[in-house]
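Written out below as structure tokens is the structure these notes cover.
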Amino acid sequence: MAQDNLQGNGIVYTVRTQHKDYPHEEINASLIRDIIQDFLTDGDDDFFVLEPDQPIQGSIYMQAIGDPEGSGGILSEVRIVQDDESFQHYSYLSADPAEAVSIFLAYWETQQLPDLSGWTDITAEFE
């Protein structure tokens, strides 16, 4: 089970949404899948933040919202913090919600960042 693997490597996750915060013990693949799928029906004010208690390849969180343009896609973002506390912030629009689910499950289950070469660097929006 994926949760057992996470306990073995010592990373503890928190999930935050518009409606509820979930502690590590309540996080599972079905929850992640359901939250992302709910973006398609629950409106554009929902959000999802998956936050590890320690950085994953420099990433301190991944987050997602339903596409603000209303395309039915999922807008995902990841923040990478450097040792000097500077950061890069990337976004990616998944036309297919299943792709977003895969991205978040890889981050949660195997602590892997997506290939950011196809993502947009939006760091300047935060300066």
Side-chain angles (χ1 to χ4, degrees):
M1 182 173 169
Q3 190 143 1
D4 293 337
N5 292 339
L6 291 176
Q7 292 170 347
N9 69 20
I11 295 178
V12 175
Y13 288 87
T14 303
V15 165
R16 289 184 288 127
T17 70
Q18 175 77 8
H19 306 289
K20 183 178 177 183
D21 292 351
Y22 297 87
H24 180 76
E25 304 77 42
E26 294 179 23
I27 301 170
N28 58 50
S30 293
L31 175 70
I32 292 170
R33 208 173 282 110
D34 290 347
I35 291 169
I36 292 173
Q37 291 295 329
D38 284 349
F39 287 146
L40 305 177
T41 58
D42 285 352
D44 59 8
D45 63 340
D46 288 340
F47 64 86
F48 167 46
V49 180
L50 181 57
E51 186 174 5
D53 68 342
Q54 55 188 304
I56 296 172
Q57 298 171 12
S59 169
I60 59 171
Y61 63 83
M62 285 190 70
Q63 62 186 14
I65 59 171
D67 178 17
E69 303 297 319
S71 72
I74 305 297
L75 182 64
S76 300
E77 297 181 350
V78 62
R79 179 165 290 194
I80 313 271
V81 176
Q82 305 302 320
D83 290 340
D84 65 2
E85 297 188 23
S86 64
F87 67 88
Q88 287 80 43
H89 200 97
Y90 297 91
S91 71
Y92 179 75
L93 181 61
S94 302
D96 178 4
E99 180 183 22
V101 168
S102 294
I103 290 168
F104 279 85
L105 287 179
Y107 189 75
W108 174 71
E109 289 178 327
T110 60
Q111 296 74 55
Q112 290 187 356
L113 287 179
D115 176 4
L116 298 176
S117 64
W119 291 50
T120 303
D121 185 342
I122 60 169
T123 305
E125 293 180 21
F126 298 92
E127 294 175 340

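Heavy-atom basis, side chains included; hydrogens, waters and symmetry copies ignored.
In this structure the side chain of Asp46 reaches within 4.5 angstrom of the side chain of His19, judged on heavy atoms. The closest side-chain heavy-atom distance from Phe104 to Met62 is below 4.5 Å. Using a 4.5 Å cut-off on side-chain heavy atoms (C-beta onward), Ile11 and Gln54 make contact. Contact annotation: the side chain of Phe39 never approaches that of Pro97 to less than 4.5 Å [non-hydrogen atoms, C-beta and beyond]. Side-chain contact check for Asp53 versus His24: every heavy-atom pair is 4.5 Å or farther apart. Residues Val81 and Pro55 form no side-chain contact, since every pair of their non-hydrogen atoms from C-beta on lies 4.5 Å or further apart. Within the 4.5 Å cutoff, no side-chain heavy atoms of Tyr92 are placed close to those of Val78.
Atom CZ of Phe47 sits about 10.5 Å away from atom CD1 of Ile35, to the nearest 0.5 Å. Rounded to the nearest 0.5 angstrom, Ser76 OG and Tyr107 OH are separated by 12.0 Å. Here OG of Ser102 is found 9.5 Å from CD of Glu109. Values are rounded to the nearest 0.5 Å. The CZ atom of Phe48 lies 13.0 Å from the CD atom of Glu77; values are rounded to the nearest 0.5 Å. For the atom pair OH (Tyr13) and CD1 (Ile27), the distance works out to 9.0 Å, reported to the nearest 0.5 Å. Summarising the geometry, atom CD1 belonging to Ile80 is positioned 4.5 Å from atom CG belonging to Leu113; distances are rounded to the nearest 0.5 Å.
Between Thr123 and Gln88 the shortest heavy-atom distance is OG1-CA, 3.2 Å. Smallest separation of non-hydrogen atoms from Gly73 and Leu93: C-CD1, 4.3 Å. The two residues Gln112 and Ile56 have their closest heavy-atom pair at N-CG2, 4.4 Å. When all heavy atoms are compared, the tightest approach of Pro114 to Trp119 is CG-CZ2, 3.2 Å.
Other residues, nucleotides and ligands contribute more than 12 heavy atoms inside 6.0 Å of the CG atom of Asp84.
Although no hydrogens or angles enter the test, the distance criterion places a donor-acceptor pair under 3.5 Å between the side chain of Thr17 and the main chain of Lys20. Checked by atom type and distance alone, the side chain of Glu85 never pairs as donor or acceptor with a backbone atom of Gln82 at under 3.5 Å.
Taking the side-chain contact (heavy atoms from CB on, under 4.5 Å) definition, one finds that Asp34 meets it with nothing, sequence neighbours left out.
Relative ring orientation between His89 and Phe126 is described as tilted, the plane-to-plane angle lying within the 30° to 60° band.
Arg16 forms no cation-pi arrangement with Tyr61, by the criterion of a distance under 6.0 Å to the ring centre and an angle within 45° of the ring axis.
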